[in-house]
Amino acid sequence: QGLEEAHPTWINQAEIISSNAASWLPTSDADKKAKDSARKVLEKELAKLDAQLAGHIISKSDVVVIESLLDMYKEVLGKAQQQKFGNVTRWFNTCVHQPVLSKLLGGITLCASPDGWGAALLAASAAAAPAAEVDPEKEAAKLAKKEAAKAAKAAKAAKAAAKAEAAKKQAAAPKAVNSKKAAAAEEKEKKKAAAEAEISAACAAIEAIPSGDKKDVKSVLLSQYIPALVEAKWYEWWEASGFFTPKQGSSKPKFVIIIPPPNVTGTLHLGHALTNSVQDTLVRWRRMSGYETLWLPGTDHAGIATQTVVEKKLMKEEKKTRHDLGREAFLERVWEWKEKSGGTICKQLRRLGSSLDWTRECFTMDEKLSAAVNEAFVQMYEKKLIYRDNRLVNWSSTLRTAISDIEVDYVDVPGFHQLSVPGYTDKVEFGVLTSFAYPLENESGEIVVATTRPETMLGDTAVAVHPDDPRYKSVQGQFVIHPFSKRKIPIIADAELVDMNFGTGAVKITPAHDPNDFKTGQRHKLEFINVFTEDGNMNENGAPFTGQPRFECRKTVVEALERQGLFRGKAENPMRLGLCSRSKDVIEPMIKPQWWVDCNNMAEQACQAVRDESLDIIPKQFEKTWFSWLENIRDWCISRQLWWGHRIPAYYVTLDGESGDYIGKMETKERWVVGRRKEDAEKVAKERFPDAKEITLTQDPDVLDTWFSS
């Protein structure tokens with residue numbers, strides 16, 4: 001279990017070896033012709049293996065080939081053959097001493113015959129002829145001598161050929177002028193050959209060391225520093241020896257740190273290399289200073305990243321979405337993918353030499369950690385640090401989930417600029433300010449407003465002016481008419497939002513799709529109209545443009561305004577554009593009921609800790625960054641519209657046969673109950689609604705932000 005799957009090529013090679021090896025085992029009744037034929041095939045396959053084998057991490061490919069060679073090495077291949085196929089022999093020895101195989105195979109003793117082929121052949125022949133006719137030792141010696149003579153003859157021929165080639169080169173080369181260059185080149189080649197031979201010998205020596213055994217540095221002689229060879233085998237020995245595992249009950253002072261968990265399906269980058277080196281330095285220094293140390297390793301489940309990869313794989317291979325499979329079946333696929341692809345980052349941490357206690361390795365979706373995440377959510381909810389509210393979120397239409405503020409990347413758009421947006425064939429224009437007119441209800445005139453997002457005018461619920469602006473004194477409190485929905489839209493006075501000296505001094509208000517407008521909507525108790533679907537199309541509130549992708553609708557809204565004579569022009573407008581850091585989609589501010597963490601008090605405590613010097617920021621100049629971030633903190637949206645992650649332990653209550661899809665649509669806050677288990681939530685619901693005859697709980701389908709879990 002846990003080994004990489006065997007490749008079909010290796011399985012095929014193992015089958016060839018097994019079928020031909022059968023002719024050479026003492027139990028075989030194959031004749032000499034069959035044995036000779038099998039031997040040719042076996043020598044060919046062993047030669048291929050000798051050239052191909054590399055590395056020391058055992059896989060199922062290794063296992064199937066070892067199985068095919070096991071009896072050959074125990075009973076047939078003698079010393080001469082073991083030396084002839086040296087790489088295979090070293091690899092075989094290394095693998096059979098790996099813990100995963102040695103437990104199954106026990107001690108393996110290689111064939112001690114001088115040659116092996118001859119001894120096995122004689123052993124088989126002896127069963128069919130009088131014992132006196134054949135002297136096995138003499139026959140084996142004769143065959144060994146014959147093989148040695150062949151090898152000597154081949155070596156002599158090779159030496160002669162090399163000598164002839166050297167003479168040929170010397171004759172062709174210029175004599176006097178280039179003699180020094182030739183000598184230098186020859187010397188260089190000799191050094192290169194010697195270095196290669198040295199490295200080859202070192203590799204062979206390293207491969208021969210069983211995993212977990214201490215490395216004998218005298219057996220790995222190098223005249224130059226080659227990091228991979230110098231570092232090889234040490235970590236396996238450290239880990240096998242338990243050097244990084246603290247002793248329970250120790251009287252030593254304790255030093256414990258937790259690794260900031262990297263994504264389980266990711267790979268290390270330069271930031272990991274830096275921060276893990278710093279952590280390792282601290283841990284090793286404390287360990288050497290007499291502390292009982294624990295550096296706890298772990299990985300997080302990378303909610304968005306992992307789910308996105310598996311969804312793409314599912315669509316590519318099966319043309320299915322996660323909804324086609326259903327939640328439980330889809331999560332099984334994610335777990336399968338995690339088990340198959342999730343070990344890379346831990347191998348890389350070992351390769352860095354990080355002195356982590358792997359006996360305590362954690363994963364955020366482990367049962368124990370999942371219980372801890374639930375407990376944290378419940379306790380924070382009970383302390384009113386977590387609450388449910390219908391507020392603006394950063395919505396990614398590509399991922400179809402909310403994301404946090406620090407998952408939004410901002411780009412500066414200098415003016416008219418075309419950008420590629422996921423899901424659109426043509427580029428989309430940004431950096432444009434579009435002006436249009438709202439006609440007054442009494443048909444006495446119009447108010448001109450401007451926007452960088454014309455499609456959002458379908459959700460406008462007010463036009464704001466400054467209370468002191470003389471141009472609009474007479475119309476404050478009146479209404480304009482929406483050109484498409486024909487809704488009456490109030491003209492409100494708001495000194496906090498409106499700068500009377502900017503543009504026309506009038507501002508369109510879309511509370512459901514803009515942070516500033518959201519606050520204005522709360523102040524004036526305006527209607528909040530969401531006009532987008534979760535995948536970025538116009539919903540029924542966006543009629544008559546329902547179903548259009550939002551950036552296509554941007555163009556058709558302007559065209560429709562032109563037809564009604566309400567379009568007033570375009571102007572260049574430098575702007576900052578928010579992009580999803582994962583999908584590069586343009587973020588859409590969207591109002592949604594979600595779970596939030598109240599960050600204000602925690603941020604205040606963090607600032608105070610630095611001010612009273614109970615917490616040091618090193619170097620000190622970064623205190624400014626600390627205060628800048630925490631003094632401007634916003635509450636944290638921790639809901640994610642995903643399936644992979646810790647499902648939120650909150651339940652919506654429906655009473656006495658109520659039906660309908662309430663969550664996220666028609667919900668009311670007092671109907672939410674929270675519990676460590678469903679039974680706990682049911683108890684809370686019964687206490688809150690004592691007169692209800694029937695209580696039904698539906699768990700929130702959303703999961704928690706991975707960083708909350710971590």
Side-chain angles (χ1 to χ4, degrees), residues 301 303-304 307 327 373-374 376-408 459 510-519 521-522 527-536 539 541 578 580-583 585 587-603 633-653 660-675 681 697-710:
H301 53 279
I304 293 175
Q307 177 162 319
R327 187 167 190 142
V373 171
N374 265 17
F377 184 94
V378 172
Q379 286 194 30
M380 291 177 73
Y381 176 79
E382 289 171 348
K383 293 175 183 176
K384 300 190 179 344
L385 290 171
I386 288 178
Y387 62 93
R388 180 83 172 177
D389 200 7
N390 196 26
R391 300 176 58 178
L392 277 188
V393 298
N394 302 306
W395 187 262
S396 170
S397 300
T398 298
L399 301 176
R400 295 180 69 175
T401 183
I403 61 174
S404 68
D405 289 347
I406 54 175
E407 291 173 292
V408 179
T510 320
H513 294 294
D514 181 89
N516 294 321
D517 294 0
F518 176 81
K519 293 176 183 176
Q522 288 180 319
E527 187 179 3
F528 288 70
I529 299 176
N530 174 28
V531 297
F532 297 120
T533 62
E534 291 186 346
D535 54 0
N539 65 19
N541 295 327
C580 172
S581 64
R582 301 179 186 279
S583 68
D585 191 12
I587 289 298
E588 198 62 64
M590 195 181 294
I591 192 165
K592 280 205 169 273
Q594 304 279 278
W595 294 99
W596 301 79
V597 173
D598 182 347
C599 296
N600 290 315
N601 187 48
M602 289 186 280
I633 200 76
R634 294 200 297 180
D635 285 358
W636 174 18
C637 174
I638 55 172
S639 301
R640 295 293 178 269
Q641 289 64 47
L642 305 170
W643 288 354
W644 174 242
H646 293 116
R647 193 167 177 180
I648 295 172
Y651 302 81
Y652 194 79
V653 179
D661 187 6
Y662 288 92
I663 297 176
K665 295 175 182 175
M666 300 181 291
E667 66 177 62
T668 54
K669 291 180 188 177
E670 65 272 10
R671 291 290 188 94
W672 283 102
V673 292
V674 169
L697 298 188
T698 305
Q699 188 173 0
D700 192 332
D702 292 351
V703 300
L704 291 162
D705 180 5
T706 302
W707 291 340
F708 180 91
S709 298
S710 295

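For the single chain, residues carry numbers from 1 onward in sequence order. Values below: every heavy atom of this structure, side chains too, minus hydrogens, waters and symmetry copies.
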- [ ] With sequence neighbours left out, write down each residue that passes side-chain contact (heavy atoms from CB on, under 4.5 Å) with Q594, or none if nothing qualifies.
- [x] V393, A402, K592, W596, C637, S639, Q641, D702
Open item on the list: Quick check against the 3.5 Å criterion: does E407 have a side-chain atom that pairs as donor or acceptor with the backbone of C580?
Closed with: no
Task: Inter-residue atom distance D514.CG - L392.CG, 0.5 Å rounding - done: 7.5 Å
- [ ] Considering non-hydrogen atoms only, spot the tightest contact between A681 and Y651 and give its length.
- [x] CB-CD1, 3.4 Å
TODO: Side-chain contact test, heavy atoms from C-beta onward, threshold under 4.5 Å: evaluate it for M602 versus I633 and give yes or no.
DONE: no
Task: Closest contact, heavy atoms only, N374 versus R647 - done: OD1-O, 4.1 Å
Task: Worked verdict on K669 versus D389 for side-chain contact (heavy atoms from CB on, under 4.5 Å) - done: CA-CA 8 Å; K669 291 180 188 177; D389 200 7; 3.1 Å; yes
Open item on the list: Could you report the tightest heavy-atom contact between S709 and L704, atom names first, then the distance?
Closed with: OG-CB, 4.1 Å
Open item on the list: Going by ring pair (Phe, Tyr, Trp, His ring centres under 6.0 Å), name the residues that satisfy it together with W636, two or more places apart in sequence or in a different chain.
Closed with: none
Open item on the list: Nearest 0.5 Å, please: how far is CD1 in I648 from CZ in F377?
Closed with: 5.5 Å
- [ ] Calculate, to the nearest 0.5 Å, the distance between atoms OG and CG belonging to S583 and L399 respectively.
- [x] 4.5 Å
Open item on the list: I'd like to check the ring pair (Phe, Tyr, Trp, His ring centres under 6.0 Å) partners of F708; sequence neighbours left out, ordered by chain and number.
Closed with: none
- [ ] Return the minimal non-hydrogen interatomic distance between V674 and A650, and the atom names on each side.
- [x] CG2-CB, 4.0 Å
Open item on the list: Tell me whether R671 contacts the main-chain N or O of V653 through its side chain, where contact means a donor paired with an acceptor under 3.5 Å.
Closed with: yes
Task: Non-hydrogen side-chain atoms of I638 and M380 separated by less than 4.5 Å - done: no
Task: R634 side-chain N/O to D405 backbone N/O, donor-acceptor pair under 3.5 Å - done: no
- [ ] State, with a plain yes or no, whether a side-chain heavy atom of H513 is found less than 4.5 Å away from one of N530.
- [x] yes
Task: Residue list, ring pair (Phe, Tyr, Trp, His ring centres under 6.0 Å) with Y652, at least two apart or on another chain - done: Y662, W672
Task: Heavy-atom side-chain proximity of D635 to C599 below 4.5 angstrom - done: yes
TODO: Verify, without hydrogens or angle tests, whether R640 (side chain) and I403 (backbone) share a donor-acceptor contact under 3.5 angstrom.
DONE: no
Task: Which residues share a salt bridge (charged side-chain N to carboxylate O under 4.0 Å, His left out) with R327, sequence neighbours left out - done: none
TODO: Starting at CZ of R388, measure out to CG of D700 and round the result to the nearest 0.5 Å.
DONE: 5.0 Å
- [ ] Taking the side chain as every heavy atom from C-beta outward, state whether T706 and I304 have any atom pair closer than 4.5 Å.
- [x] no
TODO: Go through the structure and list residues passing side chain to side chain donor-acceptor pair (under 3.5 Å) with N539, not counting sequence neighbours.
DONE: none
Open item on the list: I'd like to check D598 versus K384 (side-chain heavy atoms, cut-off strictly below 4.5 Å). Are they in contact?
Closed with: no
Open item on the list: Ring centroids only, cut at 6.0 angstrom: are F532 and W395 within range, meaning strictly under it?
Closed with: no
Open item on the list: To the nearest 0.5 Å, what is the distance between CD on E588 and CD on E534?
Closed with: 13.0 Å
Open item on the list: Does any part of the side chain of R582, heavy atoms only, come nearer than 4.5 Å to the side chain of S396, both counted from C-beta?
Closed with: no
Task: Interatomic spacing from CZ in F528 to CD in Q522 - rounded to 0.5 Å - done: 5.5 Å
